Colleague: 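Provided herewith is a single structure, encoded as structure tokens, for subsequent inquiry.
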Amino acid sequence: NLTESEQKEVIGLLKMDESTLERTFNELRDDAIVKLTLLTVNEGDESVRNTINETIDNIKIKTPDRLELFKLQSLIDKL
């Protein structure tokens with residue numbers, strides 16, 4: 001179940017045109033990669049660094065679509 005805030009976010013994503021979707025996705029992807037990279041620098045546990053690096057690699061290969069944009073927004077909100 002989605003919260004009311006998440007529902008509004010999904011509706012906004014569904015209404016978004018393709019060029020805005022791609023631009024927003026690329027901006028959020030870059031932001032997420034920067035934030036995750038900073039986490040690896042400050043992380044002492046190698047297994048956590050490896051997991052973060054795997055997440056970064058996974059983000060880099062994603063193609064822009066509404067679901068991936070929603071996931072990126074959720075990830076950044078949690079960072």
Side-chain angles (χ1 to χ4, degrees):
N1 292 333
L2 298 175
T3 65
E4 185 176 335
S5 174
E6 291 170 330
Q7 289 173 359
K8 288 179 182 177
E9 192 173 329
V10 169
I11 290 169
L13 292 174
L14 292 173
K15 293 179 180 179
M16 190 178 290
D17 66 75
E18 292 301 316
S19 64
T20 303
L21 172 79
E22 189 169 338
R23 186 180 67 252
T24 303
F25 179 87
N26 289 331
E27 290 170 359
L28 289 177
R29 176 173 43 198
D30 293 344
D31 188 33
I33 290 171
V34 167
K35 288 181 178 186
L36 289 168
T37 301
L38 288 174
L39 285 177
T40 63
V41 170
N42 298 321
E43 181 55 55
D45 186 334
E46 186 175 346
S47 66
V48 173
R49 281 195 313 267
N50 289 338
T51 301
I52 294 170
N53 285 326
E54 288 172 11
T55 302
I56 291 170
D57 292 341
N58 190 20
I59 290 170
K60 287 179 180 178
I61 62 171
K62 295 295 181 185
T63 55
D65 65 33
R66 285 165 177 78
L67 177 59
E68 293 303 330
L69 180 58
F70 181 76
K71 289 178 183 178
L72 266 178
Q73 286 177 333
S74 297
L75 173 65
I76 289 171
D77 289 346
K78 293 175 184 171
L79 294 175

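The structure presented is a predicted model; accordingly, all values stated were derived computationally and were not measured.
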Colleague: If you take all heavy atoms of Phe25 and Leu72, which pair is closest and at what distance?
Modeller: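 In terms of heavy atoms, the two residues are closest at CE1-CD1, 3.5 Å.
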Colleague: Kindly write out the residues that satisfy salt bridge (Lys or Arg N to Asp or Glu O under 4.0 Å) with Glu4, not counting sequence neighbours, or none if the list is empty.
Modeller: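 Per chain and number, Glu4 pairs via salt bridge (Lys or Arg N to Asp or Glu O under 4.0 Å) with Lys8.
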Colleague: When rounded to the nearest 0.5 angstrom, what distance separates CD in Glu6 from CG in Asp77?
Modeller: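 With rounding to 0.5 Å, CD (Glu6) is 9.5 Å from CG (Asp77).
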Colleague: Check for me, please, whether Val10 and Leu21 land in the same ILVMFWY cluster - side-chain distances under 4.5 Å, paths through other members count.
Modeller: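 Same hydrophobic cluster.
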Colleague: Quick one: do Val41 and Ile59 end up in the same hydrophobic cluster if we chain Ile, Leu, Val, Met, Phe, Trp and Tyr together by side-chain heavy atoms under 4.5 Å apart?
Modeller: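 No, because Val41 and Ile59 fall into different hydrophobic clusters, even though each may have its own neighbours under 4.5 Å.
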Colleague: To the nearest 0.5 angstrom, please state how far the NZ atom of Lys71 sits from the CD atom of Glu68.
Modeller: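 Spacing of NZ (Lys71) from CD (Glu68) equals 4.5 Å.
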Colleague: Per the side chain to side chain donor-acceptor pair (under 3.5 Å) rule, what does the pair list look like for residues 25-38, sequence neighbours excluded?
Modeller: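 Found Asn26-Arg29.
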Colleague: Are Ile52 and Leu38 connected into the same hydrophobic cluster when the rule is that any two of I, L, V, M, F, W, Y join if their side-chain heavy atoms are below 4.5 Å apart?
Modeller: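 Looking at the clustering, Ile52 is in a separate group from Leu38.
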Colleague: State, to 0.1 Å, how close Arg49 and Gly44 come at their nearest heavy-atom pair, and which atoms those are.
Modeller: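 Minimum heavy-atom contact is NH1-O, 3.2 Å.
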Colleague: Pairs of donor and acceptor atoms involving the side chains of residues 11-19, under 3.5 Å and at least two apart or interchain, shall be tabulated with distances.
Modeller:
unit_1	atom_1	unit_2	atom_2	d
Asp17	OD1	Ser19	N	3.1
Asp17	OD1	Ser19	OG	2.7
Asp17	OD1	Thr20	N	2.9
Asp17	OD1	Thr20	OG1	3.1
Asp17	OD2	Thr20	OG1	3.0
Glu18	OE2	Arg66	NH1	2.9
Glu18	OE2	Arg66	NH2	3.4

Colleague: Distance from Asn1 atom CG to Gln7 atom CD, nearest 0.5 Å?
Modeller: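 Asn1 atom CG to Gln7 atom CD measures 8.5 Å (nearest 0.5 Å).
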Colleague: Looking only at heavy atoms, which two atoms of Ala32 and Leu79 are closest? And how far apart?
Modeller: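 Heavy-atom minimum between the residues: O-CD1, 4.4 Å.
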Colleague: Roughly how far, to the nearest 0.5 Å, is the NZ atom of Lys62 from the CG atom of Leu28?
Modeller: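 Between Leu28 CG and Lys62 NZ, I get 15.0 Å after rounding to 0.5 Å.
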Colleague: State, to 0.1 Å, how close Asp65 and Leu67 come at their nearest heavy-atom pair, and which atoms those are.
Modeller: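 Closest heavy-atom pair between Asp65 and Leu67: OD1-N, 3.1 Å.
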Colleague: Could you state the interatomic distance from CD (Gln73) to OG1 (Thr24), rounded to the nearest 0.5 Å?
Modeller: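 One finds 8.0 Å between CD of Gln73 and OG1 of Thr24.
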Colleague: Say you draw a straight line from CD1 of Ile61 to CD1 of Ile56; how long is it, rounded to the nearest 0.5 Å?
Modeller: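 Taking CD1 in Ile61 and CD1 in Ile56, the distance rounds to 13.0 Å.
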Colleague: State, yes or no, whether a side-chain contact exists between Leu36 and Ile33 at a heavy-atom distance under 4.5 Å.
Modeller: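 Counting from C-beta outward, Leu36 and Ile33 never come under 4.5 Å.
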Colleague: Main chain of Glu54, side chain of Asn58: is a donor-acceptor contact present, judged purely on distance under 3.5 Å?
Modeller: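 No: the side chain of Asn58 does not pair with the backbone of Glu54.
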